[in-house]
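First up is the structure itself, then whatever we jot down about it.
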Amino acid sequence: MNTWSKAEQKQAIIHELEQQGVPLFALEEVVGCDYDPFDLICHVAYDEPPLTRKERADLVRKRNYFTRYGGQARAVMEALLDKYADAGIEAIESPEALKIIPFPQIGTPVEIVMAFGGRKQFQAAMRDFKTQLYQTA
């Protein structure tokens with residue numbers, strides 16, 4: 001879990017697994033497509049019961065993680081969580097993520113980054129957000 005949550009791009013791990021002969025699309029066909037690649041891998045490798053992306057998002061909400069943010073920053077984090085639940089981690093790790101609905105309704109990419117205090121703080125918030133997603137307790 002530590003390697004997964006610290007990986008800047010989950011896609012790099014997924015690609016490496018596919019190179020080793022573990023295609024995620026095959027796991028999705030067997031287990032289901034509502035699961036994060038992390039859960040698919042843990043389910044197959046360790047027989048862990050998988051959580052759907054929605055269940056992971058609900059766990060983050062139950063921990064009241066967003067109370068640390070206000071206004072526009074909180075709206076961004078809520079939208080990221082919804083986007084993750086609907087489309088997966090790849091959708092929020094994409095460099096274009098802040099340009100896709102609903103984010104333009106919240107602000108421009110620059111305005112969104114500034115709502116966190118700047119680029120460095122935004123990147124830290126994103127790393128923490130991803131850690132929260134993969135935390136199970």
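Side chains are part of it too, since the values below use all heavy atoms of this structure and drop only hydrogens, waters and symmetry mates.
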Open item on the list: Walk me through whether L81 and L133 qualify under side chain to side chain contact (heavy atoms under 4.5 Å, CB included).
Closed with: CA-CA 9 Å; L81 194 57; L133 280 174; 3.7 Å; yes

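The closest side-chain heavy-atom distance from Y134 to I89 is below 4.5 Å. Side-chain contact between V113 and Q121 is absent, with no heavy-atom pair separated by less than 4.5 Å. Using a 4.5 Å cut-off on side-chain heavy atoms (C-beta onward), L40 and P50 make no contact. No side-chain heavy atom of M114 sits less than 4.5 Å from a side-chain heavy atom of R119. Y35 is not listed as a side-chain neighbour of L51, based on a closest heavy-atom distance of 4.5 Å or more. Counting only heavy atoms from C-beta outward, the side chains of R56 and Y84 approach each other to under 4.5 Å. Residues M126 and E93 form no side-chain contact, since every pair of their non-hydrogen atoms from C-beta on lies 4.5 Å or further apart. Using a 4.5 Å cut-off on side-chain heavy atoms (C-beta onward), P109 and K99 make contact.
Ion pair K54/D58 flagged as a salt bridge, since at least one NZ, NE, NH1 or NH2 atom sits closer than 4.0 Å to an Asp/Glu carboxylate oxygen. Comment: R61 engages D82 in a salt bridge, judged by a side-chain N to carboxylate O separation of less than 4.0 angstrom.
What you find for A91 and K83 is that their closest heavy atoms are CB-CG, 4.1 Å. Across G107 and I112, no two heavy atoms sit closer than the pair O-CD1, 3.4 Å. Between R53 and C33, the shortest heavy-atom distance links the atoms NH1-O, 3.1 Å.
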Would you be so kind as to tabulate the donor-acceptor pairs closer than 3.5 Å made by side chains of residues 64-80, with sequence neighbours excluded?
unit_1: Y65; atom_1: OH; unit_2: Y69; atom_2: OH; d: 3.4
unit_1: Y65; atom_1: OH; unit_2: D128; atom_2: OD2; d: 3.2
unit_1: Y65; atom_1: OH; unit_2: F129; atom_2: N; d: 3.3
unit_1: T67; atom_1: OG1; unit_2: N64; atom_2: O; d: 2.9
unit_1: R68; atom_1: NE; unit_2: Y65; atom_2: O; d: 3.4
unit_1: R68; atom_1: NH1; unit_2: D128; atom_2: OD2; d: 2.8
unit_1: Q72; atom_1: NE2; unit_2: I106; atom_2: O; d: 2.9

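Under a 3.5 Å cut-off, the side chain of Q135 and the backbone N or O of Q132 do not form any donor-acceptor pair. Put simply, the side chain of H43 gets close to the backbone of E48: a donor and an acceptor are under 3.5 Å apart.
For F122, the ring-ring contact (aromatic ring centres under 6.0 Å, His included) partners at least two apart in sequence or on another chain are F116.
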